[in-house]
Protein chains: 2
Amino acid sequence: MTQPDMPTPPWERPPKRRTPARVPLTRERIVDAAYTVLDREGYDRLSMRQVAAELGVAVSALYVHVRDKDELLQLMYNRTFEGYEVPEPDPERWREQVMDFARQARERLLSHRDMAKITMGQVPFTPELLPYVERLLAVLGAAGLPRRVLAISGDMLSTYINGFALEESLWQQRYRETHTSWHKLRDEVNEYFASLPPDRFPNLVALADIMVDESNDYRFDLGVEIILRGLASYIGEPDPDEEGKESGEG
Amino acid sequence: MTQPDMPTPPWERPPKRRTPARVPLTRERIVDAAYTVLDREGYDRLSMRQVAAELGVAVSALYVHVRDKDELLQLMYNRTFEGYEVPEPDPERWREQVMDFARQARERLLSHRDMAKITMGQVPFTPELLPYVERLLAVLGAAGLPRRVLAISGDMLSTYINGFALEESLWQQRYRETHTSWHKLRDEVNEYFASLPPDRFPNLVALADIMVDESNDYRFDLGVEIILRGLASYIGEPDPDEEGKESGEG
DNA sequence: TCCTTCGGATGAACAGTGTTCAGAGTAAAG
DNA sequence: CTTTACTCTGAACACTGTTCATCCGAAGGA
């Protein structure tokens, strides 16, 4: 796609084109290149120099458009959730709506290698993402959650989603570094748990087959479901007080 | 405390001491120094060179005892949870036991600056931590959770705890970089949410006062409580199947 | 047409990073 | 007293993020 950068022959007057040959550098193009590098090299090797090389440009040129590497990461973070769709709140279907929200978020986090690592380094409330937080709160609010539960539920869900995705990418990294196939790593971890001394680790041994062997999709969904049930249990209750430890449902 | 490194005078024969003057470098001492640097400088400035300087030793000396920076981080990770106490499972009090477990974990993560960042870069099952995972599973298993729920609950809790602590340390970092007091930052964030256009962000505006203003302790506990209720709702139920979306309790 | 202006792009430089390696130094072993 | 084993040193390599004086080329004014 890139124009080969050949010198103009002396006999041919360079055309005075209004459109410059060099596509001008923009934030958009820089973020694009950053994603390319991220997917190819991974987070640890995502450097300003690599991004510049990807664009065929000097490193310092990037700093005209971007204050920091940190700012670049933030731009990537924002782009990942661009056009995120959160439905109109429907009190009847709030569970499915939240589940969809969570699945969509995870999908986007996994759509680029190591994206979760970038997300985790970012304070979760950037202006660009506020609309999505707002809509999630609308969905949860329509379900009838008490104020205080509502206030932390958004944070909670995103913490879980990000944490889960991060763990996934950590496993992927380990697999990339040491193994040839993901199944092989999974089997080995599986075996490892199963081979622990049963007298000291009865539970880990007993659960070895499903601790790792279950599909990540299933484990993710079940985790969200657990949170959903927890949230649902507050519907109709008054706001929990400062010592929110009791209140039955055992 | 450190011995001043004076040359031995020529008239005084150096005592043939069995105990060497230079305290020998060990993994323990390296980890100690790493913690000192971490607390003083933060994660971003925790470098092998800083650790070596803290010990008054060449950088390359560290690599005799530690394979990698990554291994050093893992050692710090393990040390943080050394001597963690998980009680004997008591089916009657499993909720409080899990809550204690979570609080203790958070406390340890906050006991050293940026510790959560290190934790998040580590695959959660190192051999040293398996006993604690095992005991947590014992507590949860005694409560009567179905197998599949039990298998992911440990992971879930640690994901939440780590994620929460990480977010706390991110805020602390932001506060350190820009503000003079934590209260001031909190008030500003508070104000920011309250000043959003109410027509576009009704929920965020309405919840502004408790989104940030609540104490972190309270928000943390409530989050754990939500997970506990979610888990509790599975007691007595059969194992959820692959499509675990339904099953009442709305 | 020339000249000036000015913002984007350059290359070199600075201070720092993780990691390696040949070679000192020292202590125990033979 | 020599040999061996092993910790530790200093220098080096290949990187990193970031800054800065310099240069180029297009736009606007005369």
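Chain identifiers are assigned alphabetically (A, B, ...) following the order of the sequence lines, protein sequences preceding nucleic acid strands; residue numbering begins at 1 within each chain.
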Interatomic distance, [X] [atom1] vs [N] [atom2] [rounded to whole Å]:
X	N	atom1	atom2	value
B:Arg45	C:dT17	CZ	P	9 Å
B:Arg29	D:dC8	CZ	P	9 Å
A:Tyr63	C:dA13	OH	C1'	14 Å
B:Leu46	C:dT17	CG	P	10 Å
B:Gln50	C:dG18	CD	P	9 Å
B:Leu62	D:dC8	CG	P	9 Å
A:Met48	C:dT10	CE	P	14 Å
B:Asp44	C:dG18	CG	P	12 Å

Exercise. When the ring centroid of A:Tyr160 is compared with that of A:Phe220, is the distance short of 6.0 Å?
Worked result: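 Yes, they do, as the ring centres are separated by less than 6.0 Å.
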Problem set entry | Given DNA chain D, 5'-ward residue of the pair B:Val64 and A:Lys69, judged by closest heavy atom |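 With B:Val64 and A:Lys69 compared, the 5'-side residue is B:Val64.
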Exercise. Where each residue is assigned the nucleotide of DNA chain D containing its nearest heavy atom, which of A:Ser47 and A:Arg67 is assigned the position nearer the 5′ end?
Worked result: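 The residue mapped nearer the 5' terminus is A:Ser47.
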For this session: Determine: side-chain N/O of A:His65 to OP1/OP2 of C:dA9, distance under 4.0 Å, yes or no.
Result: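 For C:dA9, OP1/OP2 do have a side-chain N/O of A:His65 under 4.0 Å.
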Problem set entry | C:dT10 OP1/OP2 closer than 4.0 Å to side-chain N/O of A:Ser60 |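 Answer is no, no contact under 4.0 Å.
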Exercise. Which is true for B:Val59 with a 4.0 Å heavy-atom rule: it touches a base, it touches only sugar-phosphate, or it touches nothing?
Worked result: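 The answer is base, as B:Val59 lies within the cut-off (heavy atoms under 4.0 Å) of a base atom.
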Exercise. Is there a donor on the side chain of B:Arg49 or the base of C:dG16 sitting less than 3.5 Å from an acceptor on the other?
Worked result: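 Donor-acceptor pair under 3.5 Å: no.
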Exercise. Taking atom types as modelled, is there a side-chain donor on A:Ser111 or A:Tyr35 under 3.5 Å from an acceptor on the other?
Worked result: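 Distance-only check fails for A:Ser111 and A:Tyr35.
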Exercise. In terms of side-chain heavy atoms, does A:Gln74 have a donor or acceptor partner in A:Lys69 at a distance below 3.5 Å?
Worked result: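 Side-chain D/A pair, A:Gln74 to A:Lys69: absent.
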Exercise. Do side-chain atoms of B:Tyr84 reach the backbone of B:Ala105 as a donor and acceptor pair under 3.5 angstrom?
Worked result: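 Indeed, once roles are kept as given, a pair shorter than 3.5 Å links the two residues.
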Exercise. Are B:Arg106 and B:Phe164 in a cation-pi setup, meaning NZ or CZ lies under 6.0 angstrom from the ring centre and within 45 degrees of the ring axis?
Worked result: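 The answer is no, since B:Arg106 fails at least one limit relative to B:Phe164.
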